[in-house]
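Down below is the structure, laid out as structure tokens.
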Amino acid sequence: MLHQKLAADEPMIKINFGNYSAQDALNSLIGSPRGYIGSNKGELPDKLMRSRSKVILIDEFEKASKAVYNFFLQLLEEGKFTDSLGREYDLEKYIIIFTSNMPKERIGEFLPPELRSRFSYKCAFWPLSTQEKEQYVAFKSEHYLEKIKHECPGLDSTLQASDIIDIDVSRYSNMRDINSEIMRQITDALYAQIVK
């Protein structure tokens, strides 16, 4: 993951736009003016102040309001923005990643062409194959197990993830569900040893 390579010890700057379709969404994002009912400092400035990570992940971007689209149009053009309290944030050296579940052929219905032209790179993702899911399970299981071995030196050092993980990936379409199942199986297999 890009964030882990660049700033592994910093909190991830992630904003989910699933809740940003309301008329006052921009106030929630960059803060509302002083005296405004429900005044807040804004999720984006708050997370920028809490983390030195230079990667910002904007999830479910297609759900944002028009005002939020216009905000990002200006941000991607100028490289900076000013929050509701007048503080300026320079994002010139940041990497901003926008993700969306919108179908490729319907992008034009959601995003205006002038905003799309500001994106440096665009790519589409396709569902993973069974083989790719199995490779992911093997890699992620070994990764989790090695972390547990490091934290719990008493565990059998020869134990392999393949000894305790058995997942039928054809039953899963969501990678979060696969991650949860990996952790469930590891916990079930090792709980008794870890809590001794």
Side-chain angles (χ1 to χ4, degrees), residues 1-22 25-31 42-84 87-140 142-144 169 172-180 182:
M1 184 183 227
L2 187 59
H3 166 73
Q4 292 175 330
K5 294 295 183 184
L6 297 178
D9 297 329
E10 292 294 319
M12 178 75 168
I13 302 175
K14 178 180 178 181
I15 297 178
N16 189 309
F17 274 50
N19 297 320
Y20 275 78
S21 57
L26 188 57
N27 288 339
S28 299
L29 183 65
I30 64 171
E43 185 176 5
L44 181 56
D46 183 50
K47 289 187 173 180
L48 287 170
M49 288 187 288
R50 291 171 182 262
S51 176
R52 289 181 295 176
S53 174
K54 297 297 183 183
V55 179
I56 301 172
L57 176 62
I58 306 293
D59 200 17
E60 296 189 277
F61 189 53
E62 79 279 3
K63 296 181 179 177
S65 68
K66 184 177 180 180
V68 172
Y69 284 162
N70 290 338
F71 165 78
F72 277 103
L73 179 62
Q74 183 175 357
L75 173 61
L76 295 174
E77 174 70 22
E78 299 178 0
K80 58 189 177 182
F81 76 95
T82 303
D83 70 10
S84 62
R87 296 172 297 195
E88 187 173 272
Y89 298 82
D90 185 352
L91 302 187
E92 281 285 353
K93 298 186 186 303
Y94 281 72
I95 298 170
I96 305 177
I97 301 170
F98 299 88
T99 68
S100 172
N101 293 321
M102 72 179 74
K104 182 178 179 181
E105 61 276 6
R106 297 185 61 197
I107 289 177
E109 296 177 29
F110 293 94
L111 303 179
E114 59 271 21
L115 178 56
R116 297 199 307 273
S117 70
R118 299 295 192 277
F119 298 148
S120 302
Y121 178 75
K122 308 173 191 73
C123 66
F125 293 94
W126 309 102
L128 296 177
S129 68
T130 297
Q131 182 181 7
E132 288 167 333
K133 290 178 186 177
E134 288 172 346
Q135 290 172 343
Y136 175 83
V137 167
F139 169 79
K140 205 68 174 179
E142 223 31 79
H143 172 73
Y144 285 148
V169 295
Y172 299 90
S173 58
N174 189 309
M175 300 308 289
R176 290 188 184 95
D177 294 336
I178 289 179
N179 273 331
S180 296
I182 291 171

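In this text, all values refer to a predicted model and were calculated from it rather than measured experimentally.
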Item to complete: Take M49 and R87 through the side-chain contact (heavy atoms from CB on, under 4.5 Å) test and state the conclusion after the steps.
Response: CA-CA 11 Å; M49 288 187 288; R87 296 172 297 195; 4.1 Å; yes

Measure across [X] and [Y] and return the closest heavy-atom pair with its distance rounded to 0.1 Å.
X: K104; Y: A124; answer: CD-CB, 4.4 Å
X: E78; Y: E92; answer: O-OE2, 3.5 Å
X: E62; Y: N101; answer: OE1-N, 3.5 Å
X: A25; Y: S65; answer: CB-OG, 3.8 Å
X: Y94; Y: D90; answer: CE1-O, 3.7 Å
X: D83; Y: I30; answer: CB-O, 3.4 Å

If you count the non-hydrogen atoms of other residues, nucleotides and ligands that lie under 6.0 Å from [atom1] in [X], is the total more than 12?
X: F119; atom1: CZ; value: yes
X: R52; atom1: CZ; value: no
X: E105; atom1: CD; value: yes

State the [atom1]-[atom2] distance between [X] and [Y], to the nearest 0.5 angstrom.
X: R116; Y: L76; atom1: CZ; atom2: CG; result: 14.0 Å
X: K66; Y: L115; atom1: NZ; atom2: CG; result: 12.0 Å
X: K80; Y: L75; atom1: NZ; atom2: CG; result: 11.5 Å
X: I178; Y: S180; atom1: CD1; atom2: OG; result: 10.0 Å
X: Y136; Y: L128; atom1: OH; atom2: CG; result: 9.5 Å
X: F98; Y: F72; atom1: CZ; atom2: CZ; result: 5.0 Å

Fill in: Whether S53 side chain and I13 backbone form a donor-acceptor pair below 3.5 Å
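Not at all, since once roles are kept as given, no pair shorter than 3.5 Å links the two residues.
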
Fill in: E109 side chain to R106 backbone, donor-acceptor under 3.5 Å
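Answer holds: no.
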
Using a 4.5 Å cut-off on heavy atoms from C-beta on, say whether the side chain of [Y] contacts that of [X].
X: T99; Y: F125; answer: no
X: N70; Y: L26; answer: no
X: K133; Y: T130; answer: no

Practice prompt. Would you please test L48 and F81 for side-chain contact (heavy atoms from CB on, under 4.5 Å) and show each step?
Written response: CA-CA 12 Å; L48 287 170; F81 76 95; 3.8 Å; yes

